[in-house]
Amino acid sequence: MKIDRLIGILSVLLQEEQVTAPELAERFEVSRRTINRDIEHLCKAGIPIVTTQGVGGGISIMDGYRMDRTILTSKDMQMIMAGLRSLDSVSGSHYYAQLMDKIKVGSADFVSGKESILIDLSSWYKDSLSPKIELIQNAIEDRNVIRFQYYGPSGDSVREMEPYYLIFKWSSWYVWGFCKLRKDFRMFKLNRMDQLLQTSKSISKREVPLPDLSMDTIFPGRVYAKAIFDASMKWHLIEEFGLESFQTLPDGRISFEHEFTDKEYLITWLLQFRDNVELLEPKELRDEMRDCIEAMRNKYN
């Protein structure tokens, strides 16, 4: 993409005394004519670039502008690289790896090679997730409708949507866009999508709101729960909710109170603790859990 290349060229010029157009063309895998046009655009943007002809000539930033070469510090570059590595962990192409290589060129003094932050966004489903992310990214860039089979709590359905944003939230990947079936903006979880394809249908011109990712909007039917846990489950509660999420009772058991997104998630979450937890409130959900456990017991008799 043009803007990525312009930023890359500027990064190289800020780190190196001088570079030639053929060198830039080779690094960014474009023609020399394209590099010349990019340099023109950077000049129009107010970057004082100087070009000199002949032996020993090349492209550089005006000497008086040298003081601004420290716009990016070593820590800045490390944070940029950490972000790019995290995106590369779910990329289905070599784009982010190539972009990291381009940024590293001429930035050896800023990129030490000692990685202190490693982020992997791929989850357990990387083999199936990466192609979906790449396809949706292409559809967003090409402004095309996507089509997919979706498996949700209300049943299976075939959907067409205009994709606008890829979102990583609550440890999962989602796509936000306009659902043709519901005629409204919706968010779909990538792991529940199958037979995903990019159609030739163009996205309609419409006002696109930013997705509201607040808990009240995404999970409106929340449930406030009180439960007693066995002391052996303390580590689990600390891992998920922190030290302030519970109180230790005189007998060593743990009193826990928290708000959950919905009752189905709460029941599923509690069942993983087997007999190490007792739900106290809400009473109607306690009764539902008792009936669920009884039905499970009957199946295993």
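Please read all numbers here as calculations on a predicted model, not as lab measurements.
- Crowding of Glu294 atom CD: a count of heavy atoms from other residues, nucleotides or ligands under 6.0 Å exceeding 12.
- Atom CZ of Arg33 has 12 or fewer heavy atoms from other residues, nucleotides or ligands within 6.0 Å.
- For the atom pair CG (Asp142) and CD (Gln198), the distance works out to 5.0 Å, reported to the nearest 0.5 Å.
- Taking the centre and axis of the six-membered ring of Phe188, the NZ or CZ atom of Arg159 falls outside the cone set by 45° and 6.0 Å.
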For residues 145-153, please give each side-chain donor-acceptor pair under 3.5 Å, one per line with the distance, not counting sequence neighbours.
from	atom 1	to	atom 2	distance (Å)
Tyr150	OH	Lys189	N	3.0

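- Looking at every heavy atom in both residues, Gly252 comes nearest to Thr248 through O-CG2, 4.1 Å.
- Nearest heavy atom pair, residue Lys169 against residue Leu213, reads CE-O, 4.2 Å.
- Heavy-atom minimum distance, Met193 versus Ile136: CE-CD1, 4.4 Å.
- A heavy-atom distance below 4.5 Å is found between the side chains of Arg27 and Val19.
- Side-chain contact between Cys292 and Met296 is present, with at least one heavy-atom pair separated by less than 4.5 Å.
- For the pair Ile61/Leu10, a side-chain contact is recorded, criterion being any heavy-atom separation below 4.5 Å from C-beta on.
- In this structure, Val208 and Phe178 have side chains that are not in contact, with every pair of non-hydrogen atoms separated by 4.5 Å or more.
- Leu249 forms part of a hydrophobic cluster together with Ile228, Leu280, judged by ILVMFWY side-chain heavy-atom separations under 4.5 Å.
- Between Phe168 and Trp173, the two ring planes are tilted [angle within 30° to 60°].
- Atom CD of Glu244 is surrounded by 12 or fewer heavy atoms from other residues, nucleotides or ligands within 6.0 Å.
- Without hydrogens or angle criteria, Asp230 side chain to Met233 main chain gives no donor-acceptor distance under 3.5 Å.
- Taking 4.0 Å as the cut-off between side-chain N and carboxylate O, Asp184 and Arg182 do not count as a salt-bridged pair.
- With hydrogens and angles disregarded, no donor-acceptor distance shorter than 3.5 Å links the side chain of Glu160 to the backbone of Leu181.
- The OG atom of Ser232 sits 8.0 Å away from atom CD1 of Ile254, with the distance rounded to the nearest 0.5 Å.
- Of all heavy-atom pairs spanning Pro211 and Trp176, the tightest one is CB-CD2, 3.5 Å.
- A distance of 7.5 Å separates CD1 of Ile238 from OG of Ser245, quoted to the nearest 0.5 Å.
- Ring pair Trp269/Phe260 is tilted by interplanar angle, where 30° to 60° counts as tilted.
- The shortest heavy-atom contact between Pro163 and Ala139 is CG-CB, 4.0 Å.
- We find the CD1-CG distance between Ile133 and Leu135 to be 11.0 Å, quoted to the nearest 0.5 Å.
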Apply side chain to side chain contact (heavy atoms under 4.5 Å, CB included) to Glu288 and Asp291, showing your working. CA-CA 5 Å; Glu288 191 171 331; Asp291 295 340; 5.6 Å; no

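- Around atom NZ of Lys180, more than 12 heavy atoms belonging to other residues, nucleotides or ligands sit under 6.0 Å away.
- Residues Ile59 and Thr20 share a closest heavy-atom pair of CD1-C, 4.3 Å.
- Counting heavy atoms from C-beta on, the side chains of Ile9 and Ile39 come closer than 4.5 Å.
- For the pair Lys132 and Val175, the minimum side-chain heavy-atom distance is 4.5 Å or more.
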Derivation and outcome, side chain to side chain contact (heavy atoms under 4.5 Å, CB included), residues Tyr165 and Leu210: CA-CA 9 Å; Tyr165 294 102; Leu210 285 172; 3.2 Å; yes

Starting from the C-alpha separation in whole Å, work towards a yes-or-no answer on side chain to side chain contact (heavy atoms under 4.5 Å, CB included) for Lys283 and Asp287. CA-CA 6 Å; Lys283 182 181 182 304; Asp287 294 340; 3.1 Å; yes

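- Looking at Glu162, its side chain does come within 3.5 Å of a backbone N or O of Ser204 through a donor-acceptor pair.
- Between the side chain of Thr52 and the backbone N or O of Gly58, at least one donor-acceptor pair lies under 3.5 Å.
- Under 4.0 Å is where a charged nitrogen must lie from a carboxylate oxygen, and between Glu40 and Arg37 no such pair does.
- For the atom pair CZ of Arg274 and CD1 of Ile293, the computed distance is 13.0 Å after rounding to the nearest 0.5 Å.
- To the nearest 0.5 Å, atom NZ of residue Lys226 and atom CG of residue Leu285 are 14.5 Å apart.
- Between His236 and Phe273, the gap from one ring centroid to the other is short of 6.0 Å.
- In this structure, His258 and Phe241 have tilted ring planes: the angle between them lies in the 30° to 60° band.
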